[in-house]
Amino acid sequence: MATDERPPFWRNVKVLGWVYQLTVLGVVVAIISYLISNFRTNSQKLGIPTGFEFLDQPAGFPIAGSGFRTSQPVKDALLVGARNTLYVALAGIVLATILGVLIGIARLSGNWLVSTGARVFVEILRNIPLLVIVTFAYLALVLSVLPRIEDAWEVGGVAIFSNRAAAVPWYRGSTLWLVVALVLAASIAWLMVLWRRRISDRTGATAYSGWWAIGSFVVVFIAVSAAAGLRVTTPDLDGRTLAGGIEMTPEFLALLLALTIYTASHIAEIVRGSIQAVTKGQQEAADALAFSAAQRMWYIILPQAMRIAIPPLGNQYLNLFKNSSLGAVISYFELTKVSTTAVGNGAPAVPVFTVLLLIYLAGSLILSAFVNLANRRLQLVER
Amino acid sequence: MRTTLWRVLAMLLAFVLVASACSSDDDGGSDEAPTDGTEAPTDGTEAPTDGTEAADGSDEVDLTQGDSTLDAVKQAGLVRCGTRDALRGFAFVDPDTGERSGFDNDFCSVIAAAVLGDATATEFVDVETTDRFTQLQSGEYDVLVRNTTFTASRDGLEGATFLQPNYYDGQAMMVAADSEFETIADMDGAVICSAGGTTSEGNVANEASRLGVTLDVLSFDDTALLQEAFLAGRCDGWTSDTSQLVGLRSDYPDGADSLRILDGVFSKEPLAPAVRDGDSTWASAIEWAIFATIQAEEWGITSANVDDFLTSEDPNIKTFLGVEVDGAVLDPGLDLPADMNYQVIKQVGNYGEIFDRHLTPLGLERGLNALYTDGGLQYAPPYK
């Protein structure tokens with residue numbers, strides 16, 4: 001009697017596994033295709049188009065602050081919307097990270113006032129729905145606190161704030177050259193760091209690599225951008241129109257503000273948790289080496305804390321990207337607002353929202369791919 | 001890691017294949033659907049008397065073709081109207097009493113009076129501007145009476161059938177009373193606020209390019225938010241249909257005198273009720289209910305004197321009011337009660353009465369909405 005005989009296929013775990021998986025898949029596919037066919041039949045009866053031809057139809061609505069014409073197709077409107085979503089999401093991610101890290105560190109401060117202030121900030125913002133914050137930021141802060149454009153605030157002659165438009169200095173010239181200048185300056189700064197560290201290793205003198213990096217970055221960046229004809233313009237107020245600088249609409253400002261402070265309150269908690277997760281021995285070791293509090297934080301604690309913080313930070317970035325859709329309620333023309341407006345102007349609702357869904361999905365997947373990449377680079381290599 | 005990825009990809013591929021196979025089946029199925037569709041209405045027209053039997057006979061639940069909304073409305077004893085709640089004159093909920101009143105509300109009552117003989121058998125569903133068509137399509141209400149402009153792409157792409165306009169409007173511009181603007185041509189570089197998902201935003205942009213001025217158009221989904229933005233000075237102009245601007249102005253927190261509507265309209269805005277596509281029985285019922293109000297005004301029949309006309313010498317009027325003429329009462333085959341016109345006039349009133357009740361107090365003139373006999377556009381086909 002052969003004991004190593006293979007079991008019959010209906011008792012083979014591998015086969016059974018596949019059968020289960022395929023059955024579940026089949027059921028899911030059947031349900032979805034039933035729903036799709038139901039939708040299509042019902043739409044057909046009602047005479048509602050189900051295809052994507054609307055993308056090439058004229059949009060029929062303007063988009064504030066973009067120069068978009070009503071005769072341009074819906075797909076161009078969606079592109080403008082995607083660009084606006086991207087602007088607010090990128091600016092929001094950068095600002096929320098900076099603010100969140102600062103507040104997270106402040107929460108652990110030994111100074112009672114600082115830590116309590118940070119705690120109050122976090123507890124208030126974390127416990128209010130974002131929709132309320134967005135609406136409040138628009139109605140109560142931007143529209144009511146900022147002055148009318150006739151009496152706009154001119155801050156030091158470089159920035160202008162009003163509830164019609166705000167502007168800060170910005171560059172003029174080719175964006176390509178700006179990127180080239182930034183990359184070149186960053187690489188040279190990195191080379192400086194490597195060079196200073198080598199000298200420091202050889203002679204034992206303090207490296208001051210940070211100062212060298214910043215200095216060389218500034219010098220190279222200014223030199224390259226001057227050579228490429230990039231210049232800085234400051235905004236000017238002429239009557240009721242702004243010229244120069246970069247103009248931001250009140251809707252953009254309000255949404256950016258709301259997304260930044262809301263996400264920063266979550267990031268602060270992540271940063272606090274990550275710092276506390278760094279073993280106490282690291283802190284004591286830094287103290288034993290007579291590091292100052294700032295040195296201890298910068299050289300010892302933060303690098304290790306950031307490693308822990310990156311995956312949850314990535315989630316916050318994704319949330320911020322998706323939460324930018326709340327701009328629709330305050331008329332910031334990001335993707336969602338463009339889509340609902342298109343539907344109101346004759347584009348069929350279900351296909352429009354299908355496209356919207358796919359764009360958000362693609363954006364989220366790309367963003368999480370970047371976060372995963374960063375995570376993989378910074379992870380401890382365990383052997 | 002790698003193998004799981006491949007497995008997931010393979011599953012996705014299988015899913016896509018099966019899904020596409022299914023959807024090509026649908027194409028086959030939907031080819032048949034129109035044939036079913038053309039058969040169903042024939043059944044309906046052949047047997048208008050035993051409408052209930054036809055309804056029972058249809059074996060599938062169908063939004064439009066088997067059952068007319070008219071049958072559903074009669075069965076429920078209630079007309080559900082998609083409307084709004086904060087536009088004085090057209091559709092307004094009194095914040096103190098919770099009572100609804102307005103031009104659009106009255107036309108909903110007109111439909112209820114014509115179909116059910118009871119002007120109070122109405123249910124009002126508040127809808128946002130941007131959702132009105134999707135909610136109509138999904139059957140949240142039976143008829144959209146919500147100052148909606150009749151346009152080709154809404155007719156074609158939103159699955160809506162527009163009916164007899166009950167108000168002919170045109171778009172205008174409202175500015176602060178103390179501003180320097182006299183016409184839209186003066187407004188170069190201005191910011192204009194408008195309701196979102198409406199014809200207004202596109203119209204004002206087109207008008208700006210026609211005049212060669214640059215206007216930035218900012219559209220809001222929520223009228224309350226728009227008003228806040230306008231109050232804060234976010235925009236110089238507020239554009240909408242004239243009738244709406246008049247209503248909004250009368251509710252403005254700083255008082256109606258602080259706003260000024262510029263002369264001249266720059267678009268055609270026929271505001272019409274709409275129903276779902278493919279339901280001509282229900283569509284006819286609504287059209288004839290609206291015509292009743294116009295015809296009554298033409299003959300001078302009002303809610304006060306309608307009973308006197310029951311004994312009129314004019315056979316046309318007697319036919320119209322559903323009174324026996326030479327031993328016969330006209331049944332035009334609309335599947336509506338014979339006294340529908342009488343009920344509409346008695347319970348709600350004629351077009352002029354409805355207009356005077358809600359729109360004249362706001363300062364709106366009849367203009368295009370006068371009867372054709374007075375140089376306006378309101379004209380009813382003969383009821384015979």
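Scope of the values below: all heavy atoms of this structure, side chains included, with no hydrogens, waters or symmetry mates. Naming convention: chains lettered A, B, ... in sequence-line order (proteins, then strands); numbering from 1 in each chain.
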query: Between B:Ala229 and chain A, which part of the residue has a heavy atom less than 4.5 Å away: side chain, backbone, both or neither?
result: both
query: Who are the salt bridge (charged side-chain N to carboxylate O under 4.0 Å, His left out) partners of B:Asp131, not counting sequence neighbours?
result: none
message: Given heavy-atom pairs under 4.5 angstrom as the criterion, report whether the side chain, backbone, both or neither of A:Phe333 touches chain B.
response: side chain
message: Does any backbone or side-chain atom of A:Thr340 lie under 4.5 Å from a heavy atom of chain B? Answer side chain, backbone, both or neither.
response: both
task: Using non-hydrogen atoms and a 4.5 Å limit, figure out which bit of A:Leu139 sits close to chain B: side chain, backbone, both or neither.
output: side chain
task: Could you tell me whether the side chain of B:Pro270 reaches within less than 4.5 Å of the side chain of B:Phe162, counting heavy atoms only?
output: no
Which atom of A:Ser324 lies closest to which atom of A:Thr85, heavy atoms considered: OG-CG2, 3.5 Å
query: Non-hydrogen atoms of chain B under 4.5 Å away: do they reach the side chain of A:Ile63, the backbone, both or neither?
result: backbone
- prompt: So, B:Arg210 and B:Glu207, do they make that salt bridge, N to O below 4.0 Å?
  reply: yes
- prompt: For A:Tyr360, does the OH atom sit with more than 12 other heavy atoms under 6.0 Å from it, leaving out its own atoms?
  reply: yes
- prompt: Hey, which of B:Arg234, B:Arg132, B:Glu228 has the most heavy atom pairs under 4.5 Å with chain A?
  reply: B:Arg234
- line: Given A:Asn345, A:Thr249, A:Val350, the one with more heavy-atom pairs under 4.5 angstrom with chain B than any other is A:Asn345
field: Side-chain ion pair, B:Asp216 and A:Arg164, N-O less than 4.0 Å
entry: no
- request: From the options B:Asp155, B:Asp279, B:Asp277, select the one residue that forms a side-chain hydrogen bond (donor to acceptor under 3.5 Å, both in side chains) with B:Thr161.
  value: B:Asp277
field: Note, B:Val175 side chain near B:Glu180 side chain (heavy atom, < 4.5 Å)
entry: no
- request: Answer with side chain, backbone, both or neither: which region of A:Ala347 has an atom nearer than 4.5 Å to a non-hydrogen atom of chain B?
  value: backbone
- prompt: Side chain, backbone, both or neither: which part of A:Val329 has a non-hydrogen atom closer than 4.5 Å to chain B?
  reply: backbone
Options A:Val142, A:Leu143, A:Ile149, A:Thr341, ranked by heavy-atom pairs under 4.5 Å with chain B, top entry: A:Leu143
- prompt: Between B:Gly196, B:Ala208, B:Cys235, B:Ser209, which residue shows the highest count of heavy-atom pairs closer than 4.5 Å to chain A?
  reply: B:Cys235
field: Part of A:Tyr138 lying under 4.5 Å from any heavy atom of chain B
entry: side chain
- prompt: Does B:Leu87 reach the side chain of B:Gln244, with side-chain heavy atoms less than 4.5 Å apart?
  reply: yes
query: Is it the backbone or the side chain of A:Glu251 that comes under 4.5 Å from a heavy atom of chain B, or both, or neither?
result: side chain
message: Could you work out, with salt bridge (charged side-chain N to carboxylate O under 4.0 Å, His left out) as the rule, every residue matching A:Asp236, not counting sequence neighbours?
response: none
- prompt: Given a strict heavy-atom distance threshold of 4.5 Å, which part of B:Thr129 is in contact with chain A: side chain, backbone, both, or neither?
  reply: neither
query: For the candidates B:Leu225, B:Leu231, B:Thr134, which exhibits the highest count of non-hydrogen atom pairs separated by less than 4.5 Å from chain A?
result: B:Leu225
